[in-house]
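Down below is the structure, laid out as structure tokens.
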Number of protein chains: 2
Amino acid sequence: MGRSSRWWVVKQQAVFRALADPTRRAILKRLHGGAMSAGEIGEAFDITGASLSHHFAILKQADLVRTERRGQYIVYSLNSTVMEDLMRLMLDLIPPAGGRGGKR
Amino acid sequence: MGRSSRWWVVKQQAVFRALADPTRRAILKRLHGGAMSAGEIGEAFDITGASLSHHFAILKQADLVRTERRGQYIVYSLNSTVMEDLMRLMLDLIPPAGGRGGKR
DNA sequence: TAGATATTTAGACAAATATCTAAATATTGC
DNA sequence: GCAATATTTAGATATTTGTCTAAATATCTA
């Protein structure tokens, strides 16, 4: 419980929303291999830079990625802390092991 | 393995989309305690039965819930198998521990 | 079988979303 | 300072989504 619960309720929605789009999931996966500039990330996708930037903004709002300007470029990297929070959240949606909840 | 990768790509999108809505996440959480009829689930929410039914359809399409008719009622329960698939998928989005120079 | 209850389906509508083009901002190298 | 490159912002548009009301379907009970 390091964070206020309200913080997480808000952030939670941002995170799930961010993950709902296949392009954004692909971006995260691409970042899996290491930090990359916006342009490099974009090479893998067939959409404009503007659209890409839109996706970055949503990922950033969800705190799933971090940015750092390096000269002309802006370098993106995964924020694994929030990813781990998300995992915990997911676990919360899964019934307890050996759980009842089936037929009666 | 076990499932074709195409199956999962399709299902994956359905699952993430299903989780993007806060009402649907709340439904899953409610089912956490055990199977429940549509009406019982609905008691917790301030939306019409029709809207509820819409959410159920999306959860079902994502295979996150199972249904069983019991007389007049239709009983919903969690499908933890797909939830576990989802967890694996999430892990896939998280960078490997100690990845890329960063020991912990 | 008729009426009551539970749930889904159909159709409409407003709000949210992904995408685009064009323009703005930031940075580098000459 | 100026042109080139990288990225974001603004504004427009078509699609998707969540919700509603009304009607349809399924089941139970008297």
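Reminder, nothing fancy here: chain letters follow the sequence lines and each chain counts from 1.
In this structure, B:F56 places its CZ atom 14 Å from P of C:dA6, rounding to the nearest Å. Atom CD1 of A:I47 and atom C1' of C:dT21 are 14 Å apart (whole Å). A:H54 has its NE2 atom 13 Å from the P atom of D:dT8, to the nearest Å. Rounded to an integer number of Å, the gap from A:L52 CG to C:dC20 C1' is 13 Å. A straight line from CD of B:E68 to P of C:dT8 spans 14 Å, rounded to a whole angstrom. Distance A:Y73 OH to D:dT8 P: 14 Å, rounded to the nearest Å. Remark: C1' of C:dT8 and NE2 of B:H55 are 14 Å apart, rounded to the nearest angstrom. Distance, A:Q61 CD to D:dT8 P: 15 Å, rounded to whole Å.
Using a 4.0 Å cut-off, some side-chain N or O of A:R24 falls inside it from OP1 or OP2 of C:dA18. Look at A:S37 and you'll find a side-chain N or O under 4.0 angstrom from OP1 or OP2 of D:dT7. Neither OP1 nor OP2 of C:dT19 sits under 4.0 Å from any side-chain N or O of A:S51. Residue A:R69 has no polar side-chain atom (N or O) positioned under 4.0 Å from OP1 or OP2 of C:dA26. B:T48 has no side-chain polar atom (N or O) that falls below the 4.0 Å cut-off from OP1 or OP2 of D:dT19.
Among the atoms of the strands shown, only primed sugar atoms or phosphate atoms (P, OP1, OP2) are found under 4.0 Å from some heavy atom of B:I58. Using a 4.0 Å heavy-atom criterion, one finds that A:Y76 contacts the sugar-phosphate atoms exclusively. At a threshold of 4.0 angstrom between heavy atoms, the contacts of A:G49 include nucleobase atoms, whether or not backbone atoms are also involved. Contacts of A:R17 with the nucleic acid, taken as non-hydrogen atoms under 4.0 Å apart, involve only primed sugar atoms and P, OP1 or OP2.
Between A:A50 and B:Q72, the residue whose closest nucleotide on DNA chain C is further toward the 5' end is B:Q72.
Atom CD of A:Q61 and atom CZ of A:R17 lie 6.0 Å apart (nearest 0.5 Å). One finds the NE2 atom of B:H54 at 9.5 Å from the CG atom of B:L59 (value rounded to the nearest 0.5 Å).
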- request: Could you check B:L28 against B:V65 for side-chain contact (heavy atoms from CB on, under 4.5 Å), going step by step and ending with a plain yes or no?
  value: CA-CA 8 Å; B:L28 291 177; B:V65 298; 3.9 Å; yes

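Under the 4.0 Å criterion applied to side-chain N and carboxylate O atoms, A:R66 and A:E68 are not assigned as salt-bridge partners.
In this structure, D:dT29 and C:dA2 make a Watson-Crick or G-U wobble pair, each of the two defining distances being under 3.5 angstrom.
The closest side-chain heavy-atom distance from B:I41 to B:F56 is below 4.5 Å.
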